[in-house]
Colleague: 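Quick one: structure below, then a few questions.
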Amino acid sequence: MLKLIKCELWKLKRRRFVSLTLLFAFLFPIPLTYMMTTPSMASRSDTPAEAFDGVFNFVLGYGVQFLLPAILGILAAILFFMERDNDTFKSLRTIPVTSRQMIFAKITVLFLFGIFFSIASLGATLLCSAFLPHAFEITGLLYKLIMSIEMGIFITAGTLPLIILIVFFSKTYVFSVLLCIFYSVLNMSATSLFEVLPKAVTWILPGTLTTFWSAGNMVSHGIDLNIKAMTDLGLIPTTLQTTAILAGTSIISVALINIMYERRNRE
Amino acid sequence: MNDVIIETRDLTKQYGEQKSVADLNIHVRQGRIYGLLGRNGAGKTTTMKMLLNLTCPTFGEARIFGEDIRTHEKQILPRVGSLIESPGFYPNLTGTENLRIFAELRGVKKKNAIQEALELVSLPYRDKKLYSQYSLGMKQRLAIALAVMHDPELLILDEPINGLDPIGIAEVRRFIRELCDARGKTILISSHILSEIALLADDIGIIDHGVLLEEASLKELERKNSQFVHFVVSDAEQASQLLLRNFKTQNFNVENRHDLRLLDTSLPIAAINRCFIENGIEVTETHVCEDTLEDYFKKVTGGVGIA
């Protein structure tokens with residue numbers, strides 16, 4: 001399996017989108033860091049450490065929660081369309097590599113990218129904050145690193161249902177991009193409508209679930225966030241609940257992707 | 001037969017009502033080149049796909065190295081190198097990088113396997129040219145390099161000379177022959193080009209509309225289609241006696257009262273004609289005829305021929 005993962009990574013060599021991913025990691029940290037230095041936002045933080053926590057929270061909320069599913073969706077389209085577009089499936093099958101092995105390798109690559117992007121976003125946040133030492137004080141770095149890795153894993157797991165659709169429709173990249181954007185907007189809208197939506201709906205939508213989990217987790221680690229309304233409604237899931245829901249989603253998604261990928265390649 | 005590497009038993013592939021391959025029984029013997037000859041759409045590629053378990057047969061079975069491919073895929077496929085239809089590689093990688101991926105997945109241990117495979121098909125090793133910039137011929141060569149890179153015992157090559165220039169065709173033909181003669185590889189090759197199969201194959205299977213019309217060695221087929229001299233004479237029986245007595249040959253056929261077919265074309269035709277006339281036999285016509293393989297294939301495919 002390690003060989004397969006290594007080969008999946010090799011296949012992405014010279015793919016511009018992959019190198020652009022690193023740039024995308026700076027897309028939100030730069031404006032959000034600037035935003036936090038504006039007088040109205042700066043006044044909300046009592047200390048530079050709180051200001052940095054605020055930037056980190058925003059970057060997780062927008063950069064990772066919003067942007068990462070879109071990036072993963074496009075990357076999934078690249079990975080899953082690759083064999084179809086280049087007619088390499090037959091060469092892999094005659095090694096023999098099974099569809100299931102291929103899917104596991106491709107999904108592992110997605111998880112690796114999810115983690116990489118989250119860490120890169122944290123790195124970008126650190127870099128931007130380091131330029132403004134008077135406004136920000138970098139604290140709790142280890143926790144933030146672990147949190148970023150967890151978010152990378154959770155968001156990737158939450159994006160797998162989207163990948164079912166990408167593999168099922170197996171259309172163009174443009175279609176995949178549109179699907180990803182729709183998915184991100186859907187999750188963000190559900191998050192903002194948490195007060196009117198049933199709890200089950202907010203927990204089924206992976207984006208909303210991880211937003212609630214990350215908010216609760218950050219508060220329990222001393223980051224000052226206002227989550228009273230969510231707590232009162234019992235919407236903050238534990239890490240175990242979040243892991244269980246996303247693991248269930250992932251297992252069902254991988255099984256469906258496998259069925260569809262096999263069927264598509266047999267056609 | 002113990003030396004049969006590929007054996008199909010009533011192999012059939014049906015798409016809806018249409019039979020792409022019907023009750024196919026082919027036998028590819030060890031250390032020989034088997035040419036599967038047929039027109040475009042005859043069922044060659046479908047047959048090869050079934051042999052590689054890329055598509056499931058509707059009926060029948062394909063046995064490779066004595067085992068059913070569907071149940072022993074993991075044991076069989078590592079011993080097989082293949083090229084099916086057009087070459088498929090990653091366009092953003094170089095030829096060497098593409099081969100490295102497949103070498104890694106195949107677990108090729110030999111250090112210079114990639115370099116050797118590329119050199120075999122006259123492609124540069126560690127070249128910076130991306131696959132997307134390759135010509136059709138280069139793509140085909142790379143596909144052949146991929147098929148031989150892991151030193152398989154059996155090669156299944158579907159139209160391997162497609163897209164190659166005449167020099168490339170000759171090179172590929174030479175090294176396919178060499179793989180068989182020097183390294184003892186068994187090769188199943190398909191083509192719609194009769195001359196290629198005739199130049200390369202030891203055994204030939206003719207497939208048309210999914211049906212195997214004939215399976216024989218090239219020598220057998222050539223025997224059936226050798227040159228002959230056709231005499232139209234007043235008495236074929238008497239003429240045959242003269243051939244037997246005066247020219248010491250039995251290599252002839254008396255077709256009917258007037259037609260005699262002399263299969264040994266090395267005999268002096270003018271002397272035979274003189275002998276016939278001197279012995280009172282009227283010679284109306286004398287032709288040197290050559291029933292080519294193509295003529296034969298036209299006959300077995302119902303008159304339309306190959307390609």
Side-chain angles (χ1 to χ4, degrees), chain A residues 1-21 74-109 112-113 170 172-173 259 261-267, chain B residues 15 45 48-56 64 69-70 72-94 96-108 128 130-133 139 142-147 149-150 152 154-158:
Chain A
M1 186 48 80
L2 271 176
K3 274 184 192 174
L4 269 169
I5 296 164
K6 193 161 76 176
C7 289
E8 285 300 328
L9 290 170
W10 281 352
K11 288 179 201 172
L12 294 172
K13 193 173 176 181
R14 296 189 195 91
R15 286 272 187 175
R16 260 186 220 152
F17 181 78
V18 177
S19 32
L20 279 176
T21 310
I74 297 164
L75 191 65
I78 292 173
L79 286 168
F80 283 93
F81 294 170
M82 195 183 272
E83 318 307 337
R84 179 201 71 177
D85 291 350
N86 304 317
D87 200 15
T88 46
F89 188 73
K90 62 191 178 196
S91 304
L92 294 167
R93 278 292 297 115
T94 51
I95 287 177
V97 175
T98 63
S99 297
R100 193 173 297 176
Q101 287 172 318
M102 261 186 259
I103 284 163
F104 274 113
K106 288 178 192 297
I107 287 174
T108 308
V109 170
L112 291 175
F113 259 87
S170 200
T172 58
Y173 290 98
I259 291 167
Y261 195 65
E262 258 184 9
R263 193 177 297 167
R264 210 151 276 281
N265 285 306
R266 227 184 279 143
E267 280 168 5
Chain B
Y15 296 101
T45 303
M48 290 184 153
K49 280 185 172 176
M50 285 192 279
L51 293 175
L52 291 163
N53 206 20
L54 289 173
T55 187
C56 288
I64 300 180
I69 184 68
R70 279 175 299 172
H72 292 78
E73 182 193 74
K74 276 187 182 173
Q75 291 78 39
I76 296 168
L77 288 180
R79 298 166 69 186
V80 182
S82 60
L83 161 59
I84 298 291
E85 292 175 320
S86 55
F89 289 100
Y90 303 102
N92 52 317
L93 305 180
T94 65
T96 307
E97 286 166 350
N98 265 296
L99 289 194
R100 189 173 293 137
I101 285 179
F102 292 103
E104 179 76 16
L105 292 174
R106 279 198 181 275
V108 175
K128 286 184 179 168
L130 299 180
Y131 179 73
S132 57
Q133 299 161 331
K139 287 177 179 176
L142 190 66
I144 295 168
L146 173 65
M149 179 179 62
H150 59 294
L154 169 66
L155 279 167
I156 296 177
L157 306 172
D158 184 18

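Below, chain A is the first sequence line, B the second, and so on; all start at residue 1.
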Colleague: Select one option (side chain, backbone, both, neither) describing which atoms of B:L83 are under 4.5 Å from chain A's heavy atoms.
Modeller: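 When you check distances to chain A, no heavy atom of B:L83 falls under 4.5 Å.
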Colleague: Between chain B and each of A:D87, A:I95, A:L92, count heavy-atom pairs under 4.5 Å; write down the option with the most.
Modeller: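 Max contact count across the listed options: A:I95.
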Colleague: Is B:L130 in contact with chain A via its backbone, its side chain, both, or neither, using a 4.5 Å heavy-atom distance?
Modeller: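 For B:L130, side-chain heavy atoms alone lie under 4.5 Å from chain A.
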Colleague: Can you name the nearest heavy-atom pair linking A:K3 to B:G107, along with the distance?
Modeller: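 Nearest pair, atom of A:K3 first, then B:G107: NZ-CA, 3.7 Å.
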Colleague: Hey, does A:K13 have a side-chain heavy atom less than 4.5 Å from the side chain of B:T94?
Modeller: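 Answer no - side chains too far apart.
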Colleague: Kindly indicate whether the side chain of A:T94, heavy atoms from C-beta on, has any atom under 4.5 Å from the side chain of B:R106.
Modeller: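 Yes; the side chains approach each other to less than 4.5 Å.
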Colleague: To the closest 0.5 Å, what do you measure between CG (A:L9) and CD1 (B:I101)?
Modeller: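 Reported value, rounded in 0.5 Å steps: 10.0 Å.
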Colleague: If I take atom CG from residue A:L2 and atom CD from residue B:E104, how far apart are they, to the nearest 0.5 angstrom?
Modeller: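 CD of B:E104 is found 10.0 Å from CG of A:L2.
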Colleague: If you measure from OH on B:Y90 to SG on A:C7, what distance do you get to the nearest 0.5 Å?
Modeller: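 Taking OH in B:Y90 and SG in A:C7, the distance rounds to 8.5 Å.
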Colleague: Among B:L105, B:V80, B:I84, which residue forms the greatest number of heavy-atom pairs with chain A at distances under 4.5 Å?
Modeller: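 Greatest number of close heavy-atom pairs with chain A: B:L105.
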Colleague: Would you say that more than 12 heavy atoms from the other residues, nucleotides or ligands in this model lie under 6.0 Å from the CZ of A:R14, or not?
Modeller: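 Correct, the count exceeds 12.
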Colleague: Do side-chain atoms of A:R93 reach the backbone of B:L54 as a donor and acceptor pair under 3.5 angstrom?
Modeller: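 No; judged by distance alone, with no hydrogens or angles, the pair does not exist.
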Colleague: Shortest non-hydrogen contact from B:G88 to A:S91?
Modeller: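 Closest approach of B:G88 to A:S91: O-OG, 4.0 Å.
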Colleague: If you measure from CG on B:N98 to NZ on A:K11, what distance do you get to the nearest 0.5 Å?
Modeller: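 It is 10.0 Å, given to the nearest 0.5 Å.
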Colleague: Verify the neighbour count for atom NZ of B:K49: are there more than 12 heavy atoms of other residues, nucleotides or ligands below 6.0 Å?
Modeller: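 No - once you tally the heavy atoms of other residues, nucleotides and ligands closer than 6.0 Å, there are 12 at most.
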Colleague: Is the shortest heavy-atom distance from the side chain of B:E97 to the side chain of A:W10 under 4.5 Å?
Modeller: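 Heavy-atom side-chain distance check fails, nothing below 4.5 Å.
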Colleague: Just by distance, do the side chain of A:N86 and the backbone of B:P91 share a donor-acceptor pair under 3.5 Å?
Modeller: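 No, the answer is negative, given that no donor and acceptor are paired below the 3.5 Å cut-off.
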Colleague: With a 4.5 angstrom heavy-atom cut-off, could you sort out which part of B:S132 is near chain A: side chain, backbone, both or neither?
Modeller: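 B:S132 has no heavy atom closer than 4.5 Å to chain A.
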